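Working notes, structure below.
Just so you know, these numbers come straight off a predicted model, no measurement behind them. Lettering of chains follows the sequences in order, A, B, ..., and the numbering in each one begins at 1.
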Protein chains: 2
Amino acid sequence: MAKKLSLGYKVFLTHSGNLNMPTSPTPLQDQADRFARAREAQSVALLEDYVELIGDLHAELGEARVADIAQRMGVAQPTATKAIARLKREGLATSRPYRGVFLTEDGSAMADRVRSRHRTIVAFLIAVGVPEDVAETDAEGIEHHVSGHTLKAFERFLAQRD
Amino acid sequence: MAKKLSLGYKVFLTHSGNLNMPTSPTPLQDQADRFARAREAQSVALLEDYVELIGDLHAELGEARVADIAQRMGVAQPTATKAIARLKREGLATSRPYRGVFLTEDGSAMADRVRSRHRTIVAFLIAVGVPEDVAETDAEGIEHHVSGHTLKAFERFLAQRD
DNA sequence: CGTGAAAGATAGCCAGTGCTATACCTTCTG
DNA sequence: CAGAAGGTATAGCACTGGCTATCTTTCACG
Ligand SMILES: [Mn+2]
Ligand SMILES: [Mn+2]
Ligand SMILES: [Mn+2]
Ligand SMILES: [Mn+2]
């Protein structure tokens with residue numbers, strides 16, 4: 001810690017902005033936990049995007065080939081292969097060499113969940129005045145950091161707006 | 001590519017995000033560009049969080065020590081040291097061994113921008129019905145993926161709501 | 001003052017996610 | 001039905017961002 005100061009109250013230092021709120025100490029640990037959660041979300045983000053995309057490809061083309069996955073993700077083919085290896089390791093997908101990629105039950109469930117969330121967020125952004133293409137771009141990153149609680153709030157907003 | 005399908009327009013797909021030009025929809029490339037942008041946002045996210053935090057620490061304690069940075073980020077001290085090395089490499093911060101970390105003009109500007117955006121997003125989430133602590137957590141990840149366009153939409157919403 | 005505890009730097013490990021180059025397998029086509 | 005073409009796997013490199021262990025420096029206090 002910086003200096004010693006009278007210590008003891010440092011435990012109650014609140015995060016950046018507030019300074020105006022009266023109560024809620026927001027201990028140091030809370031902020032660290034938030035960063036940890038964001039890091040965790042990030043580590044899951046790639047899995048989510050791949051799984052959603054593989055589901056899309058099956059729906060559109062009847063199969064998900066590595067080359068298509070790589071092209072749509074905007075990465076080189078070996079990068080996609082490596083990501084698919086991780087999906088398999090985590091029980092989200094299977095694949096037979098030179099044959100394509102398939103989602104497991106878990107992977108399929110994740111894909112549905114992720115796709116639904118993606119659509120809600122895009123619809124919500126458009127509803128608050130963001131142009132569709134911008135909404136689509138921002139949603140691709142935002143989606144991985146929106147909690148169930150926030151997602152519900154977005155859905156409420158969309159429902160009430162009509 | 002899987003199957004042959006219509007192809008033919010694939011020849012015109014250009015790499016990299018030229019964006020802004022109204023010509024040709026080419027949805028395939030668009031999606032790849034969106035993923036690329038999300039990846040880019042992620043690579044900047046850590047810098048943004050550190051820079052904002054260093055600014056906060058200077059405001060609260062008069063200095064930013066590595067131990068404080070590490071504690072608030074929820075990482076081990078060498079991890080913070082390594083991140084600070086990257087900040088220095090990118091011209092956002094300086095530091096003197098065993099002394100503390102200081103933001104450059106660029107770093108300071110980024111901190112202000114990032115802090116303002118962070119607050120706007122938290123306020124916006126609260127305004128649509130997300131509890132404060134959840135808003136604070138989700139914002140920590142979301143903030144790095146919100147474009148200027150979307151941020152403006154959030155600000156409009158906050159202004160009109162009253 | 002001197003010194004020990006705390007802060008910071010450094011070394012080295014690991015996993016993840018990019019990349020290129022190249023070898024291998026399948027498929028299409030003449 | 002033999003290649004050629006193209007899709008896929010593999011090897012190997014770079015960089016980021018975690019970690020622990022350990023060494024060095026600073027500074028507060030006895
Ligand atoms: Mn995404
Ligand atoms: Mn998505
Ligand atoms: Mn953040
Ligand atoms: Mn923030």
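Between Arg39(A) and dG17(D), a side-chain N or O to OP1/OP2 separation shorter than 4.0 Å is absent. Listed pair Thr79(B) / dC19(D) meets the phosphate criterion, a side-chain N or O lying under 4.0 Å from OP1 or OP2. Listed pair Arg89(B) / dT16(D) meets the phosphate criterion, a side-chain N or O lying under 4.0 Å from OP1 or OP2.
Regarding Gln42(B), its CD atom lies at a distance of 14 Å from the C1' atom of dG18(C), rounded to whole Å. With rounding to whole Å, Leu46(B) atom CG is found 15 Å from dT17(C) atom P. As rounded to whole Å, 11 Å separates atom C1' of dG7(D) from atom CD of Glu63(A). If you measure from atom CG of Leu87(A) to atom P of dA15(C), you get 18 Å, rounded to the nearest angstrom. Arg99(B) places its CZ atom 5 Å from the P atom of dC27(D), with the value rounded to the nearest Å. Rounding to whole angstrom units, CZ of residue Phe102(B) and P of dG8(C) are separated by 11 Å. The CD1 atom of Ile84(A) sits 15 Å away from the P atom of dG7(D) (whole-angstrom rounding). With rounding to whole Å, His144(A) atom NE2 is found 12 Å from dT17(C) atom P.
Here the nucleotide nearest the side chain of Tyr98(B), chosen from dG17(D), dA9(D), dA9(C), is dA9(C). Distance from the side chain of Ala76(B) is smallest to dT20(D) among dG8(C), dT20(D), dG17(D). Between dT8(D), dG17(D), dT16(D), one nucleotide has an atom nearer to the side chain of Arg65(A) than all others, and that is dT8(D). Taking only side-chain atoms of Pro78(B), from C-beta outward, the nucleotide of dT25(D), dG18(C), dT10(C) with the closest atom is dT10(C).
The side-chain heavy atoms of Leu125(B) and Phe154(A), taken from C-beta on, include a pair separated by under 4.5 Å. Here the side chains of Leu57(A) and Glu63(A) are not in contact, with every heavy-atom distance at 4.5 Å or above.
Between Leu158(B) and Ala127(B), the shortest heavy-atom distance links the atoms CD2-CB, 3.8 Å.
The base of dG16(C) does not come close enough to the side chain of Lys82(A) for any donor and acceptor atom to sit less than 3.5 Å apart. No hydrogens or angles were tested; on distance alone, nothing pairs the side chain of Gln77(B) with the base of dA7(C) as donor and acceptor under 3.5 Å.
For the pair Thr150(B) (side chain) and Val146(B) (backbone), a donor-acceptor distance under 3.5 Å is absent.
The distance from the NE2 atom of His118(B) to the NE2 atom of His144(B) is 8.5 Å, given to the nearest 0.5 Å.
Where Arg96(A) and Tyr50(B) each meet DNA chain D at their nearest nucleotide, the meeting point lying more 5' is that of Arg96(A).
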